[in-house]
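Just the heavy atoms: all of them, side chains too, but no hydrogens, waters or symmetry mates, feed the values below.
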Amino acid sequence: LVPYVNELLKITDGAVDNRLLGPLDWWARLPMVLIAAVCPSPWVLLLAHLLSLVGWSMQLPFVWDHGCWSAVIEASFVLSAMAGSASISRRFFAMARAQTIVLYCCAAFWKLTSSFLDPRTSCGTLLAAELAGGLLEKISLQPNLDRLNMFLEMAPLLTMLGEFGIPLLLFFCPPAGVLLGLAFHFTICLLTVNYAGGFSIACAARYVVFLPDASAAVFDFSLLSLASLAAAASVLAMGASSLRGSVDANAVAYACWVMLYTAAMSTRQTGKMEDARRFRSWCVGAVLVAAAYGVLGPVLGVQNMAALTMYGNVKHYGGSNHLLVPTGLLQDYYSSVFPAQSFAADAFGGGLVRVDGTDSRALLNLAPIDASSLLPEQSKKLLAGIGASGKFYAHYYARMSSSDFLESLGNTGPLPPYVITAFELRRALATATGSFELRYTPLPELRSPGEWRDHHGPQVHLHVDAGAMTCKIIEPSQGEKLLPCNPADLNLKPPSSWLATLLLPYPLPLLEGDSAEIHCSA
C-alpha cells in the first residue's frame with residue numbers, strides 16, 4: 001500500500017525507489033490487496049499475487065531490484081498455493097526463508113569488486129559519508145576526524161561484513177538476523193539522497209517468514225499494548241524523517257515493521273524452522289531460482305538495471321571487475337560480430353561505443369547524471385578528506401524514480417564522454433525524436449575506463465532529421481578527414497525486443513584521471 005499512499009498524498013521527496021504505478025495497479029492490484037486484507041483466503045491471495053506478478057512483468061525492464069526480489073518470492077507463494085493441501089503457509093515460509101537468505105548472499109556477493117573495495121570509488125564509502133555527513137549536519141557534532149576517516153576507509157569492508165552477516169544470522173539464528181537486517185535497513189532510511197525506502201520495506205515485510213508464530217502472537221496483545229507499539233512506531237518514523245528532512249509512507253511502514261518484530265521477539269516464540277527438511281525438494285527449487293536471478297543475469301549480460309548488483313560498483317561489460325566471476329559474457333563473445341549476422345548477434349553484437357556528444361533530449365536523458373552535488377556539504381568534505389572521488393551517478397532515475405530530487409540535475413551542460421553497449425545506443429536512437437546530432441566512437445576490445453577515454457579512432461557523425469539519417473566519419477589515420485558513409489552500414493536499427501524487456505544497461509562516464517576503476521552509480 002505504501003506507493004499508493006505516497007501517490008495519493010503527492011509525496012515526491014521520499015524514497016527514490018518506490019514501486020512505479022500503472023493502470024493495472026490502480027484498477028486491479030489495489031482492489032485485490034484490499035480484498036485480500038479483509039478476506040485472506042488462499043485463492044484470494046493467489047489471485048492477488050498473480051496480479052502483482054503480471055504487473056511486474058509488464059513494467060520490465062523498468063523495475064527496481066527489490067521488485068525482482070519480491071517477484072521471486074511471490075512466485076514461490078503462487079506455486080505453493082497452486083500445489084494445494086493444508087501446508088501452503090509452512091511450505092511457502094520454508095521456500096521464502098531459503099530464497100531470502102540466498103538473495104541477501106547474492107547482493108553481498110556482487111560487492112566483491114575492485115571498485116567497491118577501493119575507498120576512492122566505493123559506493124560503500126560514499127553512502128557511509130552521506131550518512132555521517134547528514135547526521136553531523138542535523139545534530140551539530142564535532143567528530144574525531146581521524147576515527148571518522150578510518151571508518152570511511154573501512155566502510156567497504158564493513159558493508160560487506162554486514163551484508164554477508166545478515167543471511168548467515170538468518171540461517172543460524174533468525175532473530176539475530178532479523179535484528180541485524182532491521183538495523184542495516186534503518187541506516188538506509190536515514191540517507192538524504194540514496195534513501196532506498198522501497199528496498200527496505202520490501203525486505204522488512206518478508207522477515208515475517210523467519211518469525212511467523214511470534215509475529216502472529218503480537219496481535220494477541222492487549223489494545224493498550226498495541227496502541228503503545230503504534231505510538232512508538234510513530235515516534236521512530238518521525239525521528240528518522242526529521243534527520244532526513246522529510247517524511248513519507250515508507251518511513252512510517254518501516255517503523256511499524258520494526259516495532260512489530262521487536263514485540264514479536266519479546267514473545268520468545270521461535271516457530272518451526274524444521275520446515276526446510278520437510279519441504280526439501282521445494283526449497284532446493286526455490287534456491288535455484290533465487291540464485292539464477294541473483295547471479296546469472298549480470299554474468300551472462302542479460303540484466304543490469306534490476307539486478308542485485310546495486311551499489312556494487314560492478315562493471316557489467318567490457319571486462320569484469322569482480323574478483324570471482326566474469327560479467328557480460330554474451331557481449332564479449334559477440335563483440336566483434338556484426339549484429340545482423342545472427343539472432344544472438346543482433347541482441348549482443350556490436351561491442352561498445354563511446355558517446356562523445358549529442359544534442360538529443362532522449363540521449364541526454366540516458367546519459368550519466370552526476371548527482372554528487374546533492375550530497376550534504378559535510379559529506380563532500382569527509383570524502384575529500386580521505387581522497388575519495390566523491391562522484392555518484394544516478395543513471396536512469398529520470399526514467400525510474402517517483403521522487404523529484406533529481407529534477408534540478410537535468411543534463412543541460414556539457415557532458416563527459418561515456419561508454420554504452422551498441423545495444424543500448426540502438427535502443428536510445430529508437431526512442432529519440434526530432435532533429436539531432438550524435439557523435440560516437442566504436443571501441444575496439446579495450447578493458448578499462450582509461451583506455452576507453454583515451455582511444456583515438458574513427459568517429460561517426462550522425463545527423464537525424466524526422467527519422468532520416470545521414471552520417472560522416474572522421475578518420476584519424478587520414479588526417480582527421482571527414483569521409484561519407486552509408487547509415488545502413490552502421491546497423492543502428494532498433495534492437496531485439498525480447499532482450500529489451502530484460503536489459504537496461506548503465507552508461508559508464510569517462511572522467512579525466514580515471515584508470516581502471518568505475519565510480520559509484522545506481
Side-chain angles (χ1 to χ4, degrees), residues 20 61-62 304-305 317 338-340 346-371 393-401 404 406-443 452-453 455-476 478-497 499-501 503-511 521:
L20 300 179
F62 303 106
N304 190 168
M305 181 69 204
Y317 47 78
F338 194 70
D346 180 58
F348 303 104
L352 306 179
V353 299
R354 184 184 69 215
V355 176
D356 298 307
T358 183
D359 59 0
S360 164
R361 188 72 255 168
L363 290 167
L364 288 173
N365 283 338
L366 301 183
I369 298 178
D370 186 354
Y393 286 89
H395 312 318
Y396 290 104
Y397 269 146
R399 298 168 72 180
M400 289 289 299
S401 184
D404 65 356
L406 282 170
E407 283 188 356
S408 60
L409 294 178
N411 285 341
T412 56
L415 293 172
Y418 62 91
V419 169
I420 55 174
T421 61
F423 164 86
E424 181 66 358
L425 177 65
R426 292 160 59 199
R427 180 169 57 184
L429 285 172
T431 65
T433 58
S435 176
F436 62 88
E437 304 276 348
L438 169 66
R439 292 179 290 111
Y440 71 92
T441 303
L443 295 171
W452 294 334
R453 182 196 62 234
H455 174 69
H456 195 51
Q459 184 186 71
V460 178
H461 284 224
L462 190 68
H463 176 76
V464 179
D465 188 2
M469 289 186 181
T470 58
C471 65
K472 293 183 179 180
I473 295 179
I474 291 182
E475 180 55 70
Q478 298 187 29
E480 304 292 334
K481 186 176 180 181
L482 199 61
L483 304 174
C485 74
N486 183 355
D489 295 336
L490 302 177
N491 196 57
L492 296 175
K493 64 179 182 179
S496 302
S497 58
L499 184 58
T501 62
L503 182 60
L504 192 63
Y506 289 157
L508 292 177
L510 305 176
L511 307 181
S521 63

Asker: With sequence neighbours excluded, tell me which residues meet salt bridge (Lys or Arg N to Asp or Glu O under 4.0 Å) with R453.
Answerer: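 Once residues adjacent in sequence are excluded, R453 has no partner under the salt bridge (Lys or Arg N to Asp or Glu O under 4.0 Å) criterion.
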
Asker: I need the minimum non-hydrogen distance between L20 and F62, along with the two atoms involved.
Answerer: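 Looks like CD1-O, 3.8 Å.
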
Asker: Between Y440 and I420, is the side chain to side chain contact (heavy atoms under 4.5 Å, CB included) condition met? List the steps.
Answerer: CA-CA 10 Å; Y440 71 92; I420 55 174; over 6 Å; no

Asker: Is there a side-chain contact between R427 and L504 in this structure, where contact means two heavy atoms from C-beta onward sitting under 4.5 Å apart?
Answerer: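 They are in contact (side-chain heavy atoms under 4.5 Å apart), so the answer is yes.
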
Asker: Between the main-chain N or O of L352 and the side-chain N or O of T421, is there a donor-acceptor pair closer than 3.5 Å?
Answerer: no

Asker: Would you say D356 and P417 make side-chain contact, with heavy atoms under 4.5 Å?
Answerer: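 Yes, their side chains come closer than 4.5 Å.
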
Asker: Using side chain to side chain contact (heavy atoms under 4.5 Å, CB included), reason through L438 and L425 one step at a time and then give a plain yes or no.
Answerer: CA-CA 11 Å; L438 169 66; L425 177 65; 3.9 Å; yes

Asker: For the NE2 atom of H463 and the SG atom of C471, what is their distance to the nearest 0.5 Å?
Answerer: 12.0 Å

Asker: Flag the pair Y418 / L508 as yes when at least one side-chain heavy-atom distance between them is below 4.5 Å, and no otherwise.
Answerer: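 Side-chain contact under 4.5 Å: no.
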
Asker: Decide yes or no for D346 and R426: does some side-chain heavy atom of the first lie under 4.5 Å from some side-chain heavy atom of the second?
Answerer: yes

Asker: I'd like to check L492 versus L462 (side-chain heavy atoms, cut-off strictly below 4.5 Å). Are they in contact?
Answerer: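 Heavy-atom side-chain distance check passes, below 4.5 Å.
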
Asker: At their closest point, which heavy atom of P442 faces which heavy atom of P458, and how far apart are they?
Answerer: CD-O, 3.5 Å

Asker: Is there side-chain contact between T431 and L363, with at least one heavy-atom pair below 4.5 Å?
Answerer: no

Asker: Taking the side chain as C-beta and beyond, is there a heavy-atom pair between W452 and T441 under 4.5 Å?
Answerer: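 Result no, sub-4.5 Å side-chain heavy-atom pair not found.
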
Asker: Looking at every heavy atom in both Y317 and P507, which two are closest together, and how far apart are they?
Answerer: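 That closest heavy-atom pairing would be OH-CA, 3.7 Å.
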
Asker: Short question: side chain of R354, backbone of H455 - any donor-acceptor pair under 3.5 Å?
Answerer: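 Yes: the side chain of R354 pairs with the backbone of H455.
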
